[in-house]
Amino acid sequence: MNNNDFSHHLLSWYQDHKRQMPWRGEADPYKIWVSEIMLQQTRVDQATPYFQNFISLFPTVFDLANAEQQEVLKAWEGLGYYSRARNLHSAAKTLVQDYNGKLPESYDEIIKLKGIGPYTAAAVTSIAFNKPNAVVDGNVIRVLTRYFGVEEDVRSTKTKNRVQDFATELIDEDNPADFNQAMMELGSVVCKPTNPECYKCPIQSGCVAAKTAKTDTIPYKSPAKKKPHHTIGVGIIEAEDGKLLIALRPEDAMLGGLWEFPGGKQKEGEEIQETVERELAEELGVEVKAYKELMRLKHTYSHFSITMHAWMCKLVSGKPQPKSSQEIRWVERNELERYPFPKANKVLTERLMGKGQGELGI
DNA sequence: AACCCGGGGGG
DNA sequence: CCCCCAGGGTT
């Protein structure tokens, strides 16, 4: 199969099978850009409602640039990889200040923006401006390693560069927008990680993995490291007027710019109650009494997992200071939903607002 | 090159 | 339980 046949078969299949998506067919480069940031390491179904909400809140790059970071993070709450939201917001300001609010059309220029790497630069310039830059994402890696029978580790930079070269060689310069999206669509719905449906594939006749029955072993990925597990104690300090203390995480930390109930890792030989009291002493400079466990929950982050023990606390002495956070604030229970929280803390806020399901309760 | 960074869905 | 997902930034 030559490059023309490849492209013809692929695009023909795409015309007949492409799924409907809110950003598909969209001409506004800003919306295409937002969709591509949201889709980084995120499934279409998960991103879709966030995209609709985000665009309704920030219809243009100017609206986004003028928004407060807290509003942007609130719109991103629950989607994960929050640096995406911070970088998107930052890049919007750059566009308004230095680019008259317009995304640059060239790969070399657009990749300078925060949060735009090789994938997103190729995606936006091809889809919004019809530039022949080939995208390489997880889908394309799977499709092309199988198609060309690449058996090396797909985690390595060398293999990714090989795949990028294949994609660049294959891209249809007359229709790069559809070519790129068709490659990803094919990887997503036909050339799936397990049980690929090769009988549906428009390029099966040229596929090495299909012909040699190697779709189970290609792409090859070296083993991932095991995720460590931590036990975390967090304290919910309730003042006499009923307000609760929340803290704003440092800008450059994990989950930066989101709010939380202060706490930290349990040490060896330490009761979890002591963990909570020690952590709050360290982070707020106060003495507290952890008097009642509110709930426990398990949560998995990208590189570790936790069991979180949440304790209700009373202030014994001292005035809380933001020693390890940007800011601390006393808030009513019904005000908690105004603030962006990471998932594990979000579960706590819902319990505290009486909206918890209770299945994780102790 | 290695590591860090969320959360959800599917097998 | 594991893997994967329209990756990017930092060191």
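Proteins come first, then strands; the chains are lettered A, B, ... in the order of their sequence lines, and each starts at number 1.
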Roughly, in whole Å, what's the span from [atom1] in [X] to [atom2] in [N]?
{"X": "A/D216", "N": "C/dC4", "atom1": "CG", "atom2": "C1'", "answer": "16 Å"}
{"X": "A/F304", "N": "B/dG6", "atom1": "CZ", "atom2": "P", "answer": "9 Å"}
{"X": "A/K221", "N": "B/dA2", "atom1": "NZ", "atom2": "P", "answer": "15 Å"}
{"X": "A/K192", "N": "B/dG11", "atom1": "NZ", "atom2": "P", "answer": "8 Å"}
{"X": "A/R249", "N": "B/dC5", "atom1": "CZ", "atom2": "C1'", "answer": "12 Å"}
{"X": "A/D45", "N": "C/dA6", "atom1": "CG", "atom2": "P", "answer": "10 Å"}
{"X": "A/R43", "N": "B/dG7", "atom1": "CZ", "atom2": "C1'", "answer": "11 Å"}
{"X": "A/K227", "N": "C/dC1", "atom1": "NZ", "atom2": "C1'", "answer": "11 Å"}

Contact class for [X] (heavy atom, under 4.0 Å): base, sugar-phosphate, or nothing?
{"X": "A/G80", "value": "base"}
{"X": "A/M184", "value": "base"}
{"X": "A/S35", "value": "nothing"}
{"X": "A/G78", "value": "sugar-phosphate"}

Taking only side-chain N and O atoms of [X], does any of them lie within less than 4.0 angstrom of OP1 or OP2 on [N]?
{"X": "A/T157", "N": "B/dA1", "value": "yes"}
{"X": "A/H299", "N": "B/dG7", "value": "yes"}
{"X": "A/R142", "N": "C/dC5", "value": "yes"}
{"X": "A/Y81", "N": "B/dC4", "value": "no"}
{"X": "A/Q41", "N": "C/dC5", "value": "no"}
{"X": "A/S302", "N": "B/dG7", "value": "no"}
{"X": "A/K343", "N": "B/dG8", "value": "yes"}

**Prompt:** Are side-chain heavy atoms of A/W33 and A/L95 found at a separation under 4.5 Å?
**Reply:**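 Yes, their side chains come closer than 4.5 Å.
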**Message:** Does the structure show a Watson-Crick or G-U wobble partner for C/dC1, both distances under 3.5 Å? Name it, or say none.
**Reply:** B/dG11
Using the [atom1] atom as the reference point in each nucleotide, state the distance between [N] and [M] in Å, no decimals.
{"N": "B/dG6", "M": "C/dT11", "atom1": "P", "answer": "16 Å"}
{"N": "C/dG8", "M": "B/dG9", "atom1": "C1'", "answer": "23 Å"}
{"N": "C/dC5", "M": "B/dC5", "atom1": "C1'", "answer": "14 Å"}

**Item:** 5'-most by nearest nucleotide on DNA chain B - A/L79 or A/K225
**Value:**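 In this pair, the answer is A/K225.
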**Prompt:** Hey, which of these two, A/L255 or A/N195, hits DNA chain B nearer its 5' end, going by closest nucleotide?
**Reply:**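 Closer to the 5' end of DNA chain B: A/L255.
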**Request:** Identify the residue among A/K18, A/K192, A/R19 that makes a salt bridge (Lys or Arg N to Asp or Glu O under 4.0 Å) with A/E185.
**Result:** A/R19
**Prompt:** Can the ring centroids of A/Y50 and A/W76 be said to lie less than 6.0 angstrom from one another?
**Reply:** no
Quick one: does [X] reach the base of [N] with a side-chain donor-acceptor pair under 3.5 Å?
{"X": "A/R84", "N": "B/dC5", "value": "no"}
{"X": "A/T42", "N": "B/dG8", "value": "no"}
{"X": "A/Y119", "N": "C/dG7", "value": "no"}

**Request:** Taking A/Q181 for its side chain and A/A177 for its backbone only, find out whether a donor-acceptor pair lies under 3.5 Å.
**Result:**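 Here the side-chain-to-backbone pair exists.
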**Comparing A/K114 and A/Q46 on DNA chain C - which has the more 5′ nearest nucleotide** =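 Result of the comparison: A/Q46.
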**Item:** Earlier contact from the 5' end, DNA chain C, for A/L113 and A/R19
**Value:** A/R19
Would you call [X] and [Y] a salt bridge, using N to O less than 4.0 angstrom?
{"X": "A/K243", "Y": "A/E335", "answer": "no"}
{"X": "A/K267", "Y": "A/E270", "answer": "no"}
{"X": "A/K323", "Y": "A/E282", "answer": "no"}

Nearest to the side chain of [X], which nucleotide is it out of [options]?
{"X": "A/Q40", "options": "C/dG8, C/dA6, B/dG6", "value": "C/dG8"}
{"X": "A/M21", "options": "C/dA6, B/dG6, C/dC4", "value": "C/dA6"}
{"X": "A/N87", "options": "B/dG11, C/dG9, C/dG7", "value": "C/dG9"}

